[in-house]
Amino acid sequence: MRLSELFFATLRDDPGEAEMASHRLLLRAGYLRQLGSGIYSLLPLGKKVSDRVEQVIREEIDAIGGQEMEMPVVHPAEVWKESGRYFKIGPELVRFKDRSERDMVLAMTHEEVVAMLLRDLVQSYRQLPMIVYHFQTKFRDEPRSRGGLIRVREFVMKDSYSCDLDDAGLDESYRKHYAAYEKIFRRLGLEAIAVRSDVGIMGGTAAHEFMVLNDFGEDTLVLCDNCDFADNQQIAGVGKPDPEPEGLLSMEDVETPGATTIEALATFLNIPKSKTAKAAFFVTGDGRFVVAIVRGDYDVNETKLVNALKARGGLRPAQLEEIKGRGMEAGYGSPLGARDAVIVVDDLVERSPNLVAGANRVGWHVRNVNVPRDYQPDMILDIANAREGDPCPNCGSPVKLRKGIEVGNIFKLGTDFTNAFGSMYLGEDGERHPIVMGSYGIGLGRNVACIVEAHHDEKGIAWPDEVAPYPAHLVSIGAGRDEKVRETAERLHDLAKAAGREILYDDRDESPGVKFTDAELLGMPWTLTVSPRSLAAGGVEVTRRESGERRTASIDEVEGFLRTGRFAGAAAA
RNA sequence: CGGGGCGUAGCGCAGCCUGGUAGCGCACGUGCUUUGGGAGCACGAGGCCGUGGGUUCGAAUCCCACCGCCCCGACCA
């Protein structure tokens, strides 16, 4: 591909809106252009990378028996009504009407369609197990996109679906995907770690997320160096050592003007935060008012809370009027005197004696509040976030918290969808059973961005061989005044094309500086420089982008590389 | 949805406060020179100043409304 013909442009200045390295570099190097918030065009170079990532995924999913297919982006709303998700999912599911006023949706995933196809096509246990997958555009109307390709509204995802006879079969399909994902991310040059994660709205039985550590990540991971404990903070258990025992003291009002936060309260009373109780107020999607109590030195974990409450439609923060209406006061809140509220208390609060809690009166708290002496919780269980340095629930050594980007997920769905759609098979036992499903996603664009995050320097991108848009970047220097240079470069370019291994060829009439700078920005694994100097030195200057290692290779050797994709000697590789 | 910021040429920005009809760098076109690390000179093209309304003799500039984009939070995979 001649750079003089390539549809792209490199930018000398960083685009103002880009914060992350991947976003900045992909824009600057001409891989991407933004069309709207969370909506991007892939330029030819970007499309090439995306295709290569796709191909890696395709090979590995094929290798575990996946069958590629393609399911539609636009679905009749009935499909989503039948599974119930039409009503459970909020505004991120895009709904619209077609010309005959029929309700339609843009698909966020394809469990429904798979379940319907299974219902139509599978009758006998002999037809299972099976894995199907496709690469398809998803549109999710995110409340907020961010970080370039990290969180977008429109994106292509590989989603595969396993269809098994029973839980044991699902376990096997799940294991296969787990192993395939490890191979995929290794090939993509990503150090992904699998963490256990929440099963969320689909109510499955187990799930893992594959995470790449990154400070811009949106998830917090709880990791243990001493053992293999690795959980998303959303579900991570927390080691909470017992507090010092104390005799229970009587409640006592204390004036605390302006102490509306735990921080202020602890400072004002000159006590540690661990001697306070923190109240958080929520309303569930099904209309219940919830008071959650954790100790002042912890934060409420909303995922655990949602799961404990089995709250359909999740949680939203309560409004001030709603809190007052139930006899409580924001900033000075506690369950003392609360009405019409579900009271959920963290287990550590129950074990911690004589805490300072809100008096539900502006400017006042209460000392020595004890559960269940002073108020009766509806539930007592772990609803706290794990903190940096907390004891690992598994082995007790201190855990660490890290930010991560989710590059893939695997999910044991179970039979929710197949039951909803009546996707049954006739078993060997002569009975009808629901097909057991799993669902497994990998977002292409997000992976491309993560690859750049992991493989770049201050000069630009440094693609791993496996995903580079082209294996090499051929730069000619002085082709205008040295016919031999031009001829050699042209011949190498033609040869590569003929060998089915096209390379980038900078045939532009640009100064050497521009060409080298662009080559480093664009990030092909090898740069091949042909110049009067290189020819005089015996051939072509070969530079490895990643290491900067540089040497002169003979023309023969370079031709061998272009034909086979590898350098004969180990010297350059 | 709450908080903050920003919309002026393909990209990065100035001009706005104090109203007088748009400018800089890069990129782009032509010519000459240059040619191993973002070249030089000359000439040139390119802008409903986000949109609509208002104030004014006159609005990029002041006022109002809307739209869009970015960041933090909420939310989410």
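Proteins come first, then strands; the chains are lettered A, B, ... in the order of their sequence lines, and each starts at number 1.
Pair assignment for B/G37 gives none, since no Watson-Crick or G-U wobble pairing has each distance under 3.5 Å. As the counterpart of B/C17, no nucleotide is assigned, since no Watson-Crick or G-U wobble pattern has both distances under 3.5 Å. Nucleotide B/U61: unpaired (no Watson-Crick or G-U wobble partner with both distances less than 3.5 Å). When both pairing distances are held under 3.5 Å, B/G25 makes a Watson-Crick or G-U pair with B/C11. A 3.5 Å limit on both hydrogen-bonding distances identifies B/C1 as the Watson-Crick or G-U partner of B/G73. Base pairing of B/A45: no nucleotide in any strand meets the Watson-Crick or G-U wobble criterion (both distances under 3.5 Å).
The cationic group of A/Arg544 lies under 6.0 Å from the six-membered ring centre of A/Trp526 and within 45° of the ring axis, placing it in a cation-pi geometry. No cation-pi contact links A/Arg85 to A/Phe417, judged by a cut-off of 6.0 Å to the six-membered ring centre and 45° from its axis. The cationic group of A/Arg551 lies under 6.0 Å from the six-membered ring centre of A/Phe567 and within 45° of the ring axis, placing it in a cation-pi geometry.
The residue among A/Arg28 and A/Phe216 whose nearest nucleotide of RNA chain B is located toward the 5' end is A/Arg28. Heavy-atom nearest nucleotides on RNA chain B were determined for A/Gly147 and for A/Asp518, and the one closer to the 5' end corresponds to A/Asp518.
The salt bridge (charged side-chain N to carboxylate O under 4.0 Å, His left out) test applied to A/Lys515 returns no partner, not counting sequence neighbours. Residues passing the salt bridge (charged side-chain N to carboxylate O under 4.0 Å, His left out) test with A/Arg326: none are found, sequence neighbours excluded.
Atom CG in A/Asp13 sits roughly 16 Å away from atom P in B/G38 (whole-Å rounding). At whole-Å resolution of the value, NE2 in A/His23 and P in B/C70 are 8 Å apart. For A/Glu142 and B/A74, the CD to C1' distance is 13 Å, given to the nearest whole Å. Atom pair A/Leu221:CG and B/A77:P shows a separation of 16 Å (rounding to whole Å applied). Separating the CD atom of A/Glu17 from the P atom of B/C13 is a distance of 9 Å, rounded to the nearest angstrom.
With B/A77, B/A74, B/G38 as the candidates, the nucleotide lying closest to the side chain of A/Thr517 is B/G38. In the set B/A77, B/C69, B/G38, B/C69 carries the atom at the smallest distance from any side-chain atom of A/Gln34. Minimum atom distance to the side chain of A/Val514 is reached by B/G38, of the listed B/G37, B/C11, B/G38. Here B/A77 is the nucleotide among B/G38, B/A77, B/G10 with the atom lying nearest to any side-chain atom of A/Phe155.
Distances shown here put every side-chain N or O of A/Arg12 at or beyond 4.0 Å from the OP1 or OP2 atom of B/C11. Distances shorter than 4.0 Å separate none of the side-chain N or O atoms of A/Gln234 from OP1 or OP2 on B/A77. Within the structure, every side-chain polar atom (N or O) of A/Thr10 is placed at least 4.0 Å from both OP1 and OP2 of B/A27.
A/Arg550 comes within 4.0 angstrom of a nucleotide base, judged by non-hydrogen atoms across all strands. Contact annotation for A/Ser476: no contact, since no heavy-atom pair falls under 4.0 Å across all strands. Within 4.0 Å of A/Ser37, counting heavy atoms only, lie sugar-phosphate atoms of the nucleic acid but no base atom.
A gap of 14 Å separates the P atoms of B/G3 and B/A65, to the nearest Å.
Using cut-offs of 30° and 60° for the angle between ring planes, the A/His493 and A/Tyr505 rings count as tilted.
Under the 4.0 Å criterion applied to side-chain N and carboxylate O atoms, A/Asp507 and A/Arg486 are not assigned as salt-bridge partners.
Atom CD of A/Glu263 is surrounded by 12 or fewer heavy atoms from other residues, nucleotides or ligands within 6.0 Å.
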Contact state string [nucleotides 42-50 of chain B, B base, S sugar-phosphate only, - no protein heavy atom under 4.0 Å]:
---------
